[in-house]
Amino acid sequence: MAPSMHNAQPWRFIHRTGSRSVALYGDPDRTLPYSDAEHRALHLGCGAALFNLLVAAAHAGWTATVGLLPDPGAPWHLADVALDEAEGADRDLADLYRAIRRRHTSRFPFSDEQIPEPIIDGLRSAALLEGCQLITPSAWHADAVMELVHDAELLEAANEAVRAEIATWTRTARADEGPAADGIPADALGPRQYGVSSPVRDFDPSRREPDRAVAVFEEHPQIALLGTVQDTPADWLRAGQAMQRVLLQATLGGLATSLMSQPLEWPELRSSVRDPSSAIGFVHMVFRLGYGPQGAATPRRPVTEVLSFE
Ligand SMILES: Cc1cc2nc3c(=O)[nH]c(=O)nc-3n(C[C@H](O)[C@H](O)[C@H](O)COP(=O)(O)O)c2cc1C
């Protein structure tokens with residue numbers, strides 16, 4: 001149920017019978033060579049899937065111990081999770097379980113209602129618990145991020161390979177499109193933005209979907225940036241866990257959420273997304289938060305494809 005870039009679901013879980021452990025692997029067949037050449041987004045999605053596993057374990061009353069990147073010689077082996085039935089499961093983690101199936105990316109307009117500061121504070125703490133930082137940019141910085149989103153849209157429009165990659169993962173009932181169990185379905189696209197004031201990606205810029213509505217989005221989107229001090233694969237996995245903790249907690253708090261990585265996908269834009277006065281060295285995700293419709297559920301591959309037993 002975790003979010004992943006373009007809903008590529010780049011994860012595989014292996015349970016070694018009798019071991020009480022689950023190993024998480026990235027799936028090299030589900031990379032995005034043009035939008036995610038370094039596999040940072042892949043690690044974020046897998047970090048989110050790992051966090052869901054920890055939440056589910058806590059919900060079942062188990063404790064879990066995580067080892068990130070346990071084998072330096074095997075970069076696709078992202079984590080080992082040792083499960084223990086001993087008393088002491090984390091209740092705060094277990095509470096988030098209710099949100100796993102409720103959370104969806106919402107590409108709909110949100111209202112202008114301000115999110116109360118205690119809710120934002122709670123989301124900052126959620127990120128800190130996973131060793132990451134969440135900051136809400138000031139007005140000038142939020143405008144600057146929106147400018148970078150526009151720049152990313154222009155770079156994307158001019159880059160045929162990136163456009164083709166996005167089209168590969170968008171499901172608009174074309175004859176040649178990929179399987180229905182992954183990618184972004186038409187009913188999750190949301191309306192086309194009139195004016196583009198809000199950081200919501202248009203997955204159908206070439207207008208294959210004829211009946212898509214047009215809507216005015218919030219003029220001052222409420223955004224938050226998730227970042228870390230360093231930028232290693234372990235940081236990407238931690239950022240994925242923090243991203244999912246923030247999303248699940250926001251969902252329980254009644255917020256609708258969407259994710260935006262467009263300006264982070266271009267090395268020439270990514271460094272400008274950070275606030276030079278913050279302690280964040282590298283930004284991994286731009287959240288849009290607010291009050292509005294939850295997005296539609298997107299498909300997932302069957303469990304038999306993502307979990308195997310050895
Ligand atoms: C690393 C990463 C980057 C993403 N970038 C974007 C983005 O730029 N725009 C967007 O609308 N959604 C983005 N998403 C959200 C995914 O498209 C979404 O998670 C996926 O389609 C599954 O849908 P769900 O979140 O509703 O379960 C991103 C997700 C991840 C994990």
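Just follow the structure's listing: the first ligand is 1, and inside any ligand the first atom is 1. Computation of the quantities below employed the complete heavy-atom set of this structure, encompassing side-chain atoms and omitting hydrogens, waters and symmetry-equivalent molecules.
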Those atoms of ligand 1 less than 4.0 Å from some heavy atom in [X]:
X      : value
Ala41  : 1 (C)
Met5   : 2 (C), 3 (C), 29 (C), 30 (C), 31 (C)
Gln262 : 8 (O)
Pro3   : 19 (O), 25 (O), 31 (C)
Met243 : 31 (C)

Quick one about [Y] and [X] (side-chain donor to acceptor, distance below 3.5 Å, no hydrogens or angles considered), yes or no?
X      : Y      : value
Thr31  : His39  : no
Asp202 : Gln193 : no
Ser4   : Gln9   : no
Ser258 : Arg288 : yes

I need the nearest protein heavy-atom contact for [atom]: residue, atom name and distance, please.
atom                    : value
atom 16 (C) of ligand 1 : Ser4 O, 3.3 Å
atom 4 (C) of ligand 1  : Ser261 OG, 3.5 Å
atom 23 (O) of ligand 1 : Thr298 OG1, 3.1 Å
atom 21 (O) of ligand 1 : Asn7 CB, 3.5 Å
atom 2 (C) of ligand 1  : Met285 CE, 3.4 Å
atom 17 (O) of ligand 1 : Arg107 NH2, 3.0 Å

Please determine whether a side-chain nitrogen of the Lys or Arg among Glu130 and Arg238 lies less than 4.0 Å from a carboxylate oxygen of the Asp or Glu.
no

Should Arg124 and Glu117 count as an ion pair when the cut-off is N to O under 4.0 Å?
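So Arg124 pairs with Glu117 through a salt bridge.
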
Counting only nitrogen or oxygen atoms and a 3.5 angstrom limit, does [X] reach ligand 1?
X      : value
His104 : no
Phe203 : no
Glu265 : no

Part of His284 within contact of ligand 1 (heavy atoms, under 4.0 Å)
neither

One residue to check: Ile184. Relative to ligand 1, which of side chain, backbone, both or neither has a non-hydrogen atom less than 4.0 Å away?
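It is the side chain that touches ligand 1; the backbone stays farther off.
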
Just to be sure I'm reading this right: ignoring hydrogens, which of Arg103, Gln244, Met260 gets closest to atom 24 (P) of ligand 1? Compare them by their nearest heavy atoms.
Arg103

If you take the nearest heavy atom of each of Thr170, Leu259, Thr105, Thr257, which one is closest to atom 9 (N) of ligand 1?
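Minimum heavy-atom distance to atom 9 (N) of ligand 1 goes to Leu259.
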
Hey, is CZ on Arg174 packed in by over 12 heavy atoms from elsewhere, all under 6.0 Å?
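More than 12 heavy atoms, drawn from other residues, nucleotides or ligands, come within 6.0 Å of this atom.
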
Are there over 12 heavy-atom neighbours, none belonging to Tyr34, within less than 6.0 Å of that residue's OH?
no

Value rounded to 0.5 Å, distance of CG in Leu93 from CG in Asn52
10.5 Å

Has [X] got any heavy atom lying under 4.0 angstrom from an atom of ligand 1?
X      : result
Arg288 : no
Ser258 : no
Arg40  : no

Is there a donor-acceptor pair closer than 3.5 Å between any side-chain N or O of Arg171 and the backbone N or O of Glu177?
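It does not hold such a pair.
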
Checking the side chain of His15 only, and the main-chain atoms of Ser21 only, is there a donor and an acceptor separated by less than 3.5 Å?
yes

Go through the steps for Val149 and Val286 under the test side chain to side chain contact (heavy atoms under 4.5 Å, CB included), then give the verdict.
CA-CA 10 Å; Val149 170; Val286 180; over 6 Å; no

If I compare all heavy atoms of Cys46 with all of Trp11, which pair ends up nearest, and what's the gap?
SG-CB, 4.0 Å

